[in-house]
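Here's the structure we're looking at; comments come further down.
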Amino acid sequence: MSEKDSRVYILSALAVFMIVLASVMWILHPIAQQQQFGELLGAELIAFAMLTYVYTRNSADEVKEFWIMAGTLALAFLLGLVFI
Amino acid sequence: MQKKGLVAKLQDFLDSRIGFTSTFLRPVPYHAMDPFSWLGAIAVLAFFAQGLTGILMLLYYVPTPDQAYSSTMYVIKSVPLGYLIETFHLYMAYAMIIIVFMHLMRNYFVSVQKKPREIMWVVGFIMGVVVLGQAFTGYLLPWTVLAKSATDVGIGFLGILPPQLLVPIKYLIAGAGTNTAELFRFFVFHVVVLPFVLLLLIVLKLYLFEIHGASDPPSGRVAKEKSIKWFPDVLLYMLMIGAVFVAAVLVASAIFPLQLPPAYSPTAPAVVVQPDWYFLWQYQILKFQVFEGPGEPIALGIITVAALMMLLLPFYDRRKERDPMKRPVYTTMGAIIIAELITLTIWGYLTPGQTIPNTEAIGVIGGVALMVSLIFWGAFKLRHAVSKPISVESVASKLQFLKTPFQNKGPTFVFLILLVSSSASMATVVGQVTTPHPQFIQLSASISVLFASLYLMLKLLRRLVLNYQTVSSK
């Protein structure tokens, strides 16, 4: 997989993830499930920040593993909060 | 020739008519692409987030004493996403205060307030005070017993003003003394007056920013530094840090939802008065034994003078040096301010309603200042030592000055006498100022002795230093 392809792969994965999250948020109850809504919207914003970060790098070499790892852990934490 | 895309065409169309890429959306220097340079922009983002959530809450909130609490509870319990929006509004206000303070201290450390940005500093400082005013007025609106008690104590501090000022200002802020007038005025200040003032100040600051542009890095201008295009690079960068910031506040709002204290009513049981956390540091100072009762105006006076000193910083700090590593005194002072504010806030939270004995107050405040000073003194010494390796000879030559008092026994003896007299007169001044009925003659005599002693001590020190320099140069 070329460098460019790996960035495209991350961007696609994040975009799909955001669409899935938005779909889940759409079906939540706006009074009884506000906490989950807040956590998912937070995850959506984190995913958007990661997407922007990857998109603005000039090459795959510039994408720092630390930030991808930190973002992924934050997303995992938030999804854990929603579903546990 | 490469064909332009739709976005590029649209950008060209707008740019040729508005000229934004050469004015407010012009390229940004590379060194400004770090989150600390964008704290002001994050604060503005917080302001607009507050505006949006505030408007949503306004659809349901009723600013009367009998309905303020119930309408807030209605938003929390019955409005779709109401709980989240209410908590987000509160936490975003907290975040805004923290960001504004970080922005102020970051600018202090890198000295952006120096010529020609003095007015920007003053405008920014006033914006910080308006943000605190926003927080103060918003705190009362849910009409809880805690908020009402703390607000009344806050309004009571106006009592230090002369009657000619007290009456109109108190009327302006709290009305004729009824709960209805007080709540409604706070509501008007919170949703109309202060946001409007803040918006005007934001426009003024952006205008000044437009004139001066981003400041150079504190270590000096970088030759041939590359610029970053505003669109799409800077915009995407701002969206990225903005998204992380909003996500953090949103997640905190979802995980730790707001717990509203009981409603205020004239028959509600008394509570320990405690302001919200951002005013705790001031409240803690007012709880010091020395400032209780008649000493209260002195404490408020000291806080006011400290704020004025910060406001007027660019007008007395005229040195051109901006690098914090080459400004040890100012850098250490800034670190002390941060450490003292954090200490006083935590201490205030842990000791609600308690009077703090003078010895404890001096110990904690002085201890924190001493500790921070020692840490920074050590850090600056270490940095100096790293850049200039230590040798036994260099240390020995630096310690030569210790011989000076022994070589000048007469001036040293006089200096010690003056030191004792200035300490005694200083203690008398403090004692007199903090008594309910100070004796004017004793106070003025002590102040005179204090200043005379200090002046003579300075003269003697100068003589000793000159003497040392003459001896060491031979």
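Chain letters run A, B, ... following the sequence lines, proteins first, then strands; residues in each count from 1.
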Next on the checklist: Is it the case that over 12 heavy atoms from other parts of the model lie below 6.0 angstrom from the CG atom of B:Leu6?
Outcome noted: no
Item to check | Interface moiety of B:Val79 toward chain A, non-hydrogen atoms closer than 4.5 Å | outcome: backbone
Checklist entry - Hey, is CZ on B:Phe101 packed in by over 12 heavy atoms from elsewhere, all under 6.0 Å? => result yes
Next on the checklist: Restricting to non-hydrogen atoms, name the atom on A:Ala49 and the atom on B:Ala243 that form the minimum distance, rounded to 0.1 Å.
Outcome noted: CB-CB, 4.2 Å
Checklist entry - What part of B:Ile255 lies closer than 4.5 angstrom to a heavy atom of chain A: side chain, backbone, both or neither? => result both
Checklist entry - Is it the backbone or the side chain of A:Leu28 that comes under 4.5 Å from a heavy atom of chain B, or both, or neither? => result neither
Checklist entry - Tell me, do B:Val244 and A:Leu45 make a side-chain contact under 4.5 Å, heavy atoms counted? => result no
Checklist entry - B:Pro232, B:Ala247, B:Ala248: which one forms the most heavy-atom pairs within less than 4.5 Å of chain A? => result B:Ala247
Checklist outcome for this item: Ranked by heavy-atom pairs below 4.5 Å to chain A, first place among B:Leu81, B:Leu236, B:Ile85, B:Leu84 goes to B:Leu81
Checklist outcome for this item: Honestly, the part of A:Leu40 sitting under 4.5 Å from a heavy atom of chain B is neither
Output the donor-acceptor atom pairs between chain B and chain A under 3.5 Å, with atom names and distances to 0.1 Å.
from, atom 1, to, atom 2, distance (Å)
B:Leu81, N, A:Pro30, O, 2.8
B:Gly82, N, A:Gln34, OE1, 3.4
B:Tyr83, N, A:Gln34, OE1, 2.9
B:Leu84, N, A:Gln34, OE1, 2.9

